[in-house]
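Let me begin by presenting the structure, written as structure tokens, before commenting on it.
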Amino acid sequence: MSKKPSIPKGTRDFGPTEVARRNYIFNTIKEAFALYGFQPIETPSFENSDTLMGKYGEEGDRLIFKILNSGDYLSKVNDSLYAEKDSSKITSKISEKALRYDLTVPFARYVVQHQNEITFPFKRYQIQPVWRADRPQKGRFREFFQCDADVVGSKSLWQEIEFVQIYDAVFTKLKLDGVTIKVNNRKILSGIAETIGAEDKLIDFTVALDKLDKIGEDGVKNEMFSKGISEEAILKLQPLFSFNGSNAENLDSLKNMLANSEQGLKGVEELAFIAEKIEKLGLSTASLKIDVTLARGLNYYTGAIFEVAAPPQVKMGSIGGGGRYDDLTGIFGLKNMSGVGISFGLDRIYLVLEELDKFPKTVLNHSKALFINFGEAEALYAMQAIKSLRKKGIKAEMYPDSAKMGKQMSYADKRNIPFAVLAGEKEMEAKQFTFKNMKSGEQRQVGYTELEAILFKD
RNA sequence: GUGGUUGUAGCUCAGCUGGUUAGAGCGCUUGAUUGUGGUUCAAGAGGUCGCCGGUUCGAAACCGGUCUUCCACCCCA
């Protein structure tokens with residue numbers, strides 16, 4: 001027992017069924033990305049620490065996995081620094097690389113580094129694992145996959161519209177009906193903060209507002225108050241708590257509320273553009289909902305903010321998110337490069353599809369036929385047939401050992417291989433095969449041509 | 001990082017307020033059935049009770065630590 005090996009907290013092994021199902025999701029997303037004109041790139045699993053550190057806030061820095069330097073890394077730490085026992089100061093001395101925390105910042109780094117080779121607007125997608133030194137929880141892992149698509153180099157709001165359509169297309173294809181694509185705009189949030197005179201508290205304000213679903217109206221107000229937002233300012237927010245009309249109605253109320261904020265009105269206008277065009281284009285199974293409390297996510301969003309909520313019957317955090325960031329590459333020295341992107345949370349989508357039993361039954365690929373092994377001469381006879389079948393693209397295999405027949409048959413049974421093929425002395429003499437349907441138990445003798453025909457058809 | 005929770009056979013789990021040889025179902029192996037799996041029947045293998053330490057005449061059970069699981073908070077996909 002104690003010798004049993006294990007894997008680190010928050011990581012998982014994937015068996016054949018899980019891999020098949022994950023690939024099914026990956027492929028669906030990839031096809032959609034490609035269909036909308038995105039091309040794949042990949043970046044290293046680890047980056048230089050200074051590329052990542054400071055990009056996700058203080059909390060983010062804590063959650064980044066740092067990679068210890070090679071060699072005698074402690075030699076660079078002088079005695080006084082060591083004596084101070086300040087972990088963050090020492091970290092920068094003993095670790096210069098870190099595992100990537102998301103795909104957006106490495107992408108920004110990529111764009112800046114390759115700006116002269118890239119044709120803008122640049123549309124890329126990227127499906128790779130990311131790592132967070134978080135404490136695991138439902139749908140939260142320390143290693144998980146993100147599937148991102150981003151466009152840089154265009155300010156057009158049509159990109160936002162494209163992304164809403166991609167979300168709809170992917171979840172429709174996955175048969176996951178009833179997802180809600182929530183959309184908000186950072187300019188609206190800033191506008192509200194401006195209107196109530198709490199501009200300097202924008203982050204605290206948005207973080208608290210984002211919790212409305214969870215802690216309710218009073219909870220949000222209390223949290224804002226405890227963060228130093230005045231009671232008077234909180235009173236002005238009252239209209240926000242009764243936003244349950246249609247998108248158009250909500251936009252109207254926002255317009256009134258933000259009448260004195262230029263940037264707030266700009267945000268309303270942007271949202272209205274997106275909502276109106278989506279309404280005219282139509283969505284298949286998803287719905288678009290304006291949600292002014294949507295604020296979560298990274299601080300670099302400057303325009304649209306997206307978040308996708310799973311169908312209400314499953315309890316799961318967001319299964320996708322994204323937004324526009326006018327100055328993402330600015331942190332790496334490339335100005336005026338607007339970007340907008342979305343992300344699919346593969347691992348969570350998996351959990352949701354599993355819970356709702358939405359995976360197709362045929363996702364797992366297995367052999368069509370198992371040839372029973374009766375000994376060296378018979379195995380060669382079988383292998384010749386298998387070789388021909390494989391040339392036709394028919395998946396077939398032979399049991400590798402000349403084991404007892406019962407064992408070979410039960411192997412076929414357990415692996416859900418639908419047909420068994422038996423060829424011993426008698427069949428070899430007659431140039432035939434005994435072909436058995438594992439489900440019905442029927443069996444009969446056939447020649448190779450017929451064998452191939454049946455297997456090809458089924 | 002904070003609070004709670006979980007760990008017993010390959011898997012899912014029983015195991016009383018501390019008491020002698022730790023159980024069940026499923027799975028596995030073998031046989032009934034030397035060219036036939038799924039059903040049935042019979043027999044069998046498999047556990048230093050997560051790990052380390054402590055209390056006790058005696059610990060799977062109680063205490064401490066540690067790792068792990070799951071959940072909530074912070075934060076996030």
Side-chain angles (χ1 to χ4, degrees), chain A residues 1-12 15 56-64 87-88 101-104 127-148 203-204 206-208 210-211 214-215 219 223 294-299 306-310 315-323 341-352 370-375 378 399 402-428 433-443 445:
Chain A
M1 261 326 255
S2 61
K3 282 178 203 134
K4 230 190 227 174
S6 64
I7 54 175
K9 190 199 296 208
T11 64
R12 296 146 303 153
Y56 309 100
E58 206 175 313
E59 190 70 15
D61 283 358
R62 202 192 81 209
L63 298 176
I64 291 174
S87 300
S88 61
Y101 178 88
D102 72 356
L103 300 178
T104 308
I127 299 183
Q128 289 189 280
V130 304
W131 295 269
R132 294 185 188 178
D134 207 355
R135 214 182 263 209
Q137 228 182 96
K138 183 173 188 186
R140 283 178 105 162
F141 308 97
R142 301 214 291 184
E143 176 183 63
F144 62 97
F145 271 77
Q146 285 190 335
C147 313
D148 277 28
I203 301 290
D204 287 334
T206 53
V207 166
D210 188 61
K211 293 182 189 163
K214 216 175 209 171
I215 60 179
E223 178 161 336
L294 175 59
R296 133 186 343 207
L298 300 169
N299 302 330
F306 297 113
E307 183 169 301
V308 182
K315 275 189 77 181
M316 179 65 71
S318 65
I319 55 176
I342 57 168
S343 180
F344 288 85
L346 169 95
D347 299 87
R348 288 187 175 181
I349 294 172
Y350 185 104
L351 292 172
V352 171
L370 180 77
F371 282 67
I372 304 298
N373 186 332
F374 288 109
E378 292 89 340
Y399 194 86
S402 138
K404 277 191 187 165
M405 201 163 160
K407 191 167 178 167
Q408 300 194 39
M409 293 299 279
S410 94
Y411 180 78
D413 192 44
K414 277 178 194 146
R415 289 193 49 207
N416 278 312
I417 297 176
F419 301 104
V421 180
L422 293 72
E425 267 179 56
K426 279 180 289 179
E427 287 91 343
M428 282 169 71
F433 300 87
T434 296
F435 178 80
K436 172 166 178 146
N437 180 325
M438 295 298 285
K439 204 169 181 181
S440 65
E442 285 167 53
Q443 62 183 57
Q445 292 228 339

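Each chain gets a letter, A, B and so on, in the order the sequences are listed, and its residues count up from 1. Just so we're clear, the structure is a prediction, and the values are computed from it rather than from any experiment.
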Any side-chain donor near an acceptor of the partner, Glu427(A) and Thr434(A), under 3.5 Å: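 Result is yes, a qualifying pair exists.
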Closer than 4.0 Å, any side-chain N/O of [X] to the OP1 or OP2 of [N]?
| X | N | answer |
| --- | --- | --- |
| Lys138(A) | A77(B) | no |
| Gln137(A) | A72(B) | yes |
| Lys214(A) | A72(B) | no |
| Lys211(A) | C74(B) | yes |
| Lys436(A) | U36(B) | no |

Considering every strand and a 4.0 Å limit on heavy-atom distances, what is the contact class for [X]: base, sugar-phosphate, or nothing?
| X | answer |
| --- | --- |
| Gly424(A) | base |
| Val130(A) | nothing |
| Gln443(A) | base |
| Gly60(A) | nothing |
| Gly375(A) | nothing |
| Lys414(A) | sugar-phosphate |
| Ser318(A) | sugar-phosphate |
| Gly57(A) | nothing |
| Phe141(A) | base |

Need the pair for [N]. Rule: Watson-Crick or G-U wobble, both distances under 3.5 Å, any strand; none if unpaired.
| N | result |
| --- | --- |
| A43(B) | U29(B) |
| C62(B) | G54(B) |
| C70(B) | G4(B) |
| C13(B) | G23(B) |

Inter-nucleotide [atom1] distance ([N], [M]), Å rounded:
| N | M | atom1 | answer |
| --- | --- | --- | --- |
| A22(B) | G15(B) | C1' | 8 Å |
| G50(B) | U68(B) | P | 16 Å |
| C49(B) | U8(B) | C1' | 4 Å |
| G38(B) | C26(B) | P | 15 Å |

Tyr411(A) vs Leu370(A) side-chain heavy atoms within contact, under 4.5 Å: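 A side-chain contact exists here, since the closest heavy-atom pair is under 4.5 Å.
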Met409(A) side chain reached by Met438(A) side chain, heavy atoms, under 4.5 Å: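 Yes - at least one pair of side-chain heavy atoms lies under 4.5 Å apart.
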Most 5' of Glu442(A) and Leu63(A) on RNA chain B, judged by nearest nucleotide: Glu442(A)
